[in-house]
There are 2 protein chains.
Amino acid sequence: MVAMQSTETRYTKPVLVATNKLMGDESGLEPLRNHALFNTLSDSDLQNLILQSRRLRLGHHQLLYRQDMPAHHFFFVMSGRLRLYRLDSSGIDRTLDSIAPGDCFAEVMIYADPARYACYAEALKSSEVLMIPVKAYQDMLNKNPEYAPAALRHYAQRAVSRFHDLEIMTVQNARDRLIRYLIDLLPNGAAEGGEVELPLPKCLVASRLAMQPETFSRILADLKANGLVRVNRSKLFISDPKRLIEISQ
Amino acid sequence: MVAMQSTETRYTKPVLVATNKLMGDESGLEPLRNHALFNTLSDSDLQNLILQSRRLRLGHHQLLYRQDMPAHHFFFVMSGRLRLYRLDSSGIDRTLDSIAPGDCFAEVMIYADPARYACYAEALKSSEVLMIPVKAYQDMLNKNPEYAPAALRHYAQRAVSRFHDLEIMTVQNARDRLIRYLIDLLPNGAAEGGEVELPLPKCLVASRLAMQPETFSRILADLKANGLVRVNRSKLFISDPKRLIEISQ
DNA sequence: CTAACAAATTGACCTAAATCAATAGTTTTC
DNA sequence: GAAAACTATTGATTTAGGTCAATTTGTTAG
């Protein structure tokens, strides 16, 4: 599916309308504590941030924000899964990232200038996100400079990981890009094999890797035929990642 | 040229050996003041940082650091031009970025963990860089939390720009990737035409855009034939960027 | 449970881009 | 200033992967 129907027209629900205002209710927000942007905060600062945030429920395929929209919030994923993508002038949908529970996204908007979302964000399935006002986090950081190092570490890490994503995309053939993508999904890198779950439907992994779904399917079928991966729906078992790397040359 | 000769063997000069120790001599270091990571520093803090840094002269094609090397320094380019690239197991050289005077690079190493360079860095021509100890900047930031916001803004900006680079690379055909790359080189985006200078030799722009030099050459020849760009060595004149964008679909 | 829809796979075909090869320019170097 | 060494261009050929179309499989809704 090259030119998906534009997301603009697929959904009618309004974007960025909060459903639940949080009244200091922290239930289900423990995962925040495990995120680099929040784990150094004092209880009261975290509480205060949460009080200024809203919990958002998103349905399957629901759009959260649009590219170029003014960005007043960033997001923490509590459950479900989302993807970031861009639409170009010809309506082609290009997937750039997928976001899992425990991750933040659009958090660069805290310091971006101008603060406009660089892409679309939509739920891949029914999801719950915390919608945190950029200004609330900024204010907190201004009042508590001791929180800055954690944020700096997070941003540096983000930049490194985008750099790494870019590196994969300079690989010139589709098969090798896919192999590198799969290796990166393995928890211990190429050290040992294991099962990985594709973070996106196959047609969107294809989009992320700049190839057609048919190409993705054929490459995977070929790897399967050569005993390099075992495929079960979106779960792939990679027994020998080193062998996979060897053939990708 | 797909498989360049490995940089490992091309040069014999030692890596990361400073030639000039700075003795508080700030001559030629004014450009530091224009960089987001330094322009909020007090004179004395900047001076102190410079005292702990070394000025490095690099010859044409000289290697500055290697991928995976422990990273104790980051760099500010005073003159010349450098490129960042990675080598994969089969020795293919993939260009990821080019750095101009006034830019910093490897500055994410200030907060990376583990702090190892993510790529190679080499001078594209005779260049001069300031080699700043990561620890010196860290210490300064710890002592002066008021400097953190500028660093945060810089890192956020860096993450956004890497994201944008990634976006270009999800474009599936070579011609459109090249067109988008050229548009991004224009100072005012697509707003108006102008002359742009390729920041890398053509064969390395090709590498950066995941295509072969021959493909790059042919696409450019075609754009030229259609009156979309005028080419003069590494300088390109784009009269009508909007028309260029239109055909890239 | 079945209809309707969406996602994935597979085949046939074709085109964009890689590869191989030769030539022509450009810089360095001596 | 000529030789050597890159760098870029152009042509011929091949191939990876895109496109179009049909089928299968899986998912959602009634």
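Quick note: numbers below take in every heavy atom, side chains included, and nothing from hydrogens, waters or symmetry partners. Each chain gets a letter, A, B and so on, in the order its sequence line appears, and its residues count up from 1.
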Show the distances under 3.5 angstrom between N or O atoms of the protein and N or O atoms of nucleotides 8-10 of chain D.
unit_1: D/dA8; atom_1: OP1; unit_2: B/K202; atom_2: N; d: 2.8
unit_1: D/dA8; atom_1: OP2; unit_2: B/C203; atom_2: N; d: 3.0
unit_1: D/dT9; atom_1: OP1; unit_2: B/K202; atom_2: NZ; d: 3.1
unit_1: D/dT9; atom_1: OP2; unit_2: B/S217; atom_2: OG; d: 3.2
unit_1: D/dT9; atom_1: O5'; unit_2: B/S217; atom_2: OG; d: 3.2

What N/O pairs connect the protein and nucleotides 22-24 of chain D at under 3.5 Å? Give each pair on its own line.
none

Would a distance-only check, ignoring hydrogens and angles, find a side-chain to backbone donor-acceptor pair under 3.5 Å from B/H60 to B/L124?
yes
Walk me through it: do A/R66 and A/E122 pass the test side-chain contact (heavy atoms from CB on, under 4.5 Å)?
CA-CA 9 Å; A/R66 291 199 173 87; A/E122 72 160 21; over 6 Å; no
Euclidean distance, A/I179 CD1 relative to A/I247 CD1, rounded to 0.5 Å
4.0 Å
Grab the CG-P distance between A/L124 and D/dT27 for me, whole Å please.
15 Å
Send over the distance from A/K125 NZ to C/dA7 P, rounded to a whole Å.
15 Å
Anything under 3.5 Å between a protein N or O and an N or O of nucleotides 27-30 of chain C, put it in a table, one pair a line.
unit_1: C/dT27; atom_1: OP1; unit_2: B/R233; atom_2: NH1; d: 2.4
unit_1: C/dT27; atom_1: OP2; unit_2: B/R233; atom_2: NH1; d: 3.0

Below 3.5 Å, can you tabulate the donor-acceptor pairs from side chains in residues 215-231 of chain B to any protein atom, sequence neighbours excluded?
unit_1: B/D222; atom_1: OD2; unit_2: B/R175; atom_2: NH2; d: 2.1

Output all residues satisfying salt bridge (Lys or Arg N to Asp or Glu O under 4.0 Å) with B/D88, sequence neighbours left out; order by chain, then residue number.
B/R94
Among B/L32, B/V129, B/L29, B/L56, which residue meets the side-chain contact (heavy atoms from CB on, under 4.5 Å) test with B/M78?
B/L29
Which pairs count as salt bridge (Lys or Arg N to Asp or Glu O under 4.0 Å) when at least one residue sits in residues 178-191 of chain B, sequence neighbours excluded?
B/E167-B/R180
Qualifying residues under ring-ring contact (aromatic ring centres under 6.0 Å, His included), relative to B/F105, sequence neighbours excluded:
B/F75
Provide a list of protein-nucleic acid N or O atom pairs under 3.5 angstrom, restricted to nucleotides 3-5 of chain C.
none

State the CG-CZ distance between A/D68 and A/R116, to the nearest 0.5 angstrom.
7.0 Å
From CZ of A/R175 across to P of C/dA18 the rounded distance in Å is 17 Å
So, using ring-ring contact (aromatic ring centres under 6.0 Å, His included) as the criterion, who are the partners of A/F76 when residues are at least two apart?
none
Between A/D97 and the options A/R162, A/R86, A/R81, the salt bridge (charged side-chain N to carboxylate O under 4.0 Å, His left out) test singles out A/R162
When the C1' atoms of the five terminal pairs at each end define the local axes, what inter-axis angle does the helix from C/dC1-D/dG30 to C/dC30-D/dG1 show, to 10 degrees?
60°
Does the side chain of A/Q212 get closer than 4.0 angstrom to OP1 or OP2 of D/dT19 through an N or O atom?
yes
Residues two or more places apart in sequence or in another chain: which of them pass ring-ring contact (aromatic ring centres under 6.0 Å, His included) with B/H35?
B/F38, B/H154
Do side-chain atoms of A/T95 reach the backbone of A/S207 as a donor and acceptor pair under 3.5 angstrom?
no
Side-chain polar contacts of residues 195-205 of chain B - donor-acceptor pairs under 3.5 angstrom, sequence neighbours left out - could you list them?
unit_1: B/E197; atom_1: OE1; unit_2: B/K235; atom_2: NZ; d: 3.3
unit_1: B/E197; atom_1: OE2; unit_2: B/S234; atom_2: OG; d: 2.8
unit_1: B/K202; atom_1: NZ; unit_2: B/R233; atom_2: O; d: 3.4

Side-chain donor or acceptor of A/D176 paired with backbone N/O of A/N173 under 3.5 Å
no
